[in-house]
**Q** 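This structure is in structure tokens; I'll ask about it shortly.
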Amino acid sequence: MHHEDFMRRALELAQTAEEYGEVPVGAVLVLNNEIIGEGFNQVITLNDPSAHAEALAIRAAGQALGNYRLVDTTLYVTLEPCAMCAGLITHARIKTLVYGATDPRTGAAGTAIEVLNHSSMNHKVEIIGGVLAEECGDILRNFFRKRR
């Protein structure tokens, strides 16, 4: 499978988030070309400010593998992660982050701030941005347009 294939699954999860009235962000965590964890935003549904798509996918993968270290994994997420999720990605030792749309307000992979590969961090993450960026951005723009 290719980056676009996994990002399409993340987009499906983002659509599920939207059906729940959540900001439409989806994430999948992959090891050896196999999805080991999935998540979509559920902060409202779960009354949990940490229930971002990335966090839920990472939690699911940790449970599936029986390990909090997710070495050699790739995280696909439809929106550039925030500082909280970037910290989580670092602590989990995720190898690669692939995201769709940039987040000019809170993106912590270098767009608004740099958390993932900050010079003080001992773990560095390969970052690939812009995969299916238009589709990933469209779902968010449409969601917020409807809410205005």
Side-chain angles (χ1 to χ4, degrees), residues 1 3-18 20-133 135-141 143-144:
M1 293 185 84
H3 292 319
E4 292 81 10
D5 298 319
F6 290 118
M7 190 62 76
R8 286 189 206 296
R9 176 61 187 149
L11 275 164
E12 291 173 1
L13 292 164
Q15 290 171 336
T16 301
E18 184 171 19
Y20 281 86
E22 302 275 0
V23 175
V25 177
V28 296
L29 193 63
V30 174
L31 177 64
N32 298 326
N33 258 354
E34 183 178 320
I35 294 174
I36 58 170
E38 296 184 332
F40 57 88
N41 274 2
Q42 295 185 62
V43 296
I44 299 165
T45 304
L46 299 176
N47 295 308
D48 180 354
S50 72
H52 289 197
E54 302 94 308
L56 296 175
I58 290 168
R59 287 178 191 149
Q63 293 299 307
L65 295 180
N67 197 334
Y68 72 104
R69 295 286 194 223
L70 303 172
V71 179
D72 294 325
T73 59
T74 300
L75 178 65
Y76 293 84
V77 62
T78 57
L79 180 65
E80 180 181 3
C82 69
M84 176 186 73
C85 292
L88 182 57
I89 291 164
T90 299
H91 288 297
R93 301 297 191 263
I94 290 170
K95 181 178 181 180
T96 306
L97 165 68
V98 180
Y99 69 86
T102 58
D103 186 345
R105 288 185 34 239
T106 64
T111 299
I113 57 175
E114 180 62 70
V115 173
L116 278 177
N117 289 328
H118 189 274
S119 60
S120 67
M121 296 292 195
N122 63 335
H123 177 71
K124 303 300 182 203
V125 178
E126 178 186 1
I127 301 169
I128 301 167
V131 174
L132 300 182
E135 294 95 320
C136 292
D138 284 348
I139 192 170
L140 287 160
R141 280 186 289 277
F143 174 81
F144 287 112

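Only heavy atoms go into these numbers, but all of them, side chains included; no hydrogens, no water, no symmetry mates.
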**Q** Enumerate the residue pairs fulfilling side-chain hydrogen bond (donor to acceptor under 3.5 Å, both in side chains) with a member in residues 112-125, sequence neighbours excluded, ordered by first and then second residue.
**A** His118-Ser120

**Q** Measuring from Thr78:OG1 to Leu13:CG, what's the distance to the nearest 0.5 Å?
**A** 9.0 Å

**Q** How would you list, by chain and number, every residue that makes a side chain to side chain donor-acceptor pair (under 3.5 Å) with Asp138, sequence neighbours excluded?
**A** Arg141

**Q** Does Tyr76 have any side chain to side chain donor-acceptor pair (under 3.5 Å) partners at least two apart in sequence or in another chain, and if so, which?
**A** His3

**Q** Cut-off 3.5 Å, no hydrogens considered: what does the side-chain donor-acceptor table look like for residues 53-68, sequence neighbours left out?
**A**
unit_1: Arg59; atom_1: NH2; unit_2: Ser50; atom_2: OG; d: 3.0
unit_1: Asn67; atom_1: OD1; unit_2: Arg69; atom_2: N; d: 2.8

**Q** Not counting sequence neighbours, which residues clear side-chain contact (heavy atoms from CB on, under 4.5 Å) with Glu12? List them please.
**A** Arg9

**Q** For the residue pair Glu135 and Leu11, what are the closest heavy atoms and their distance?
**A** CB-CD1, 3.8 Å

**Q** Looking at every non-hydrogen atom in both residues, tell me the closest pair between Ala133 and Gly100 and how far apart they are.
**A** CB-O, 3.5 Å

**Q** Name all residues meeting the side chain to side chain donor-acceptor pair (under 3.5 Å) criterion together with Gln42; count only those two or more places apart in sequence or in a different chain, and write none if there are none.
**A** none

**Q** Taking atom CG of Leu70 and atom CD1 of Ile36, what is their separation to the nearest 0.5 Å?
**A** 6.0 Å

**Q** Under 3.5 Å, which donor-acceptor pairs do the side chains of residues 21-30 form with other protein atoms, sequence neighbours left out?
**A**
unit_1: Glu22; atom_1: OE1; unit_2: Val43; atom_2: N; d: 3.3
unit_1: Glu22; atom_1: OE1; unit_2: Ile44; atom_2: N; d: 3.2
unit_1: Glu22; atom_1: OE2; unit_2: Ile44; atom_2: N; d: 3.0
unit_1: Glu22; atom_1: OE2; unit_2: Thr45; atom_2: N; d: 2.6
unit_1: Glu22; atom_1: OE2; unit_2: Thr45; atom_2: OG1; d: 2.7

**Q** Tell me which donor-acceptor pairs under 3.5 Å the side chains of residues 88-96 have, and how far apart each pair is, sequence neighbours excluded?
**A**
unit_1: Thr90; atom_1: OG1; unit_2: Ala86; atom_2: O; d: 3.1
unit_1: Arg93; atom_1: NH1; unit_2: Thr90; atom_2: O; d: 3.0
unit_1: Thr96; atom_1: OG1; unit_2: Glu126; atom_2: OE1; d: 3.3

**Q** Partners of Glu4 by side chain to side chain donor-acceptor pair (under 3.5 Å), sequence neighbours excluded?
**A** none

**Q** Nearest 0.5 Å, what's the CD1-OG1 distance between Ile127 and Thr111?
**A** 9.0 Å

**Q** Not counting sequence neighbours, list each pair that qualifies as a ring pair (Phe, Tyr, Trp, His ring centres under 6.0 Å) and has a residue in residues 29-53.
**A** Tyr20-Phe40

**Q** Once you round to the nearest 0.5 Å, how far does CG of Asn32 lie from CG of Asp72?
**A** 8.0 Å

**Q** Rounded to the nearest 0.5 Å, what's the gap from CD on Glu80 to CG on Leu116? Could you check?
**A** 8.5 Å

**Q** Among all residues two or more places apart in sequence or in another chain, which pass the side-chain contact (heavy atoms from CB on, under 4.5 Å) test with Ala83?
**A** Ala108, Ile113, Val115

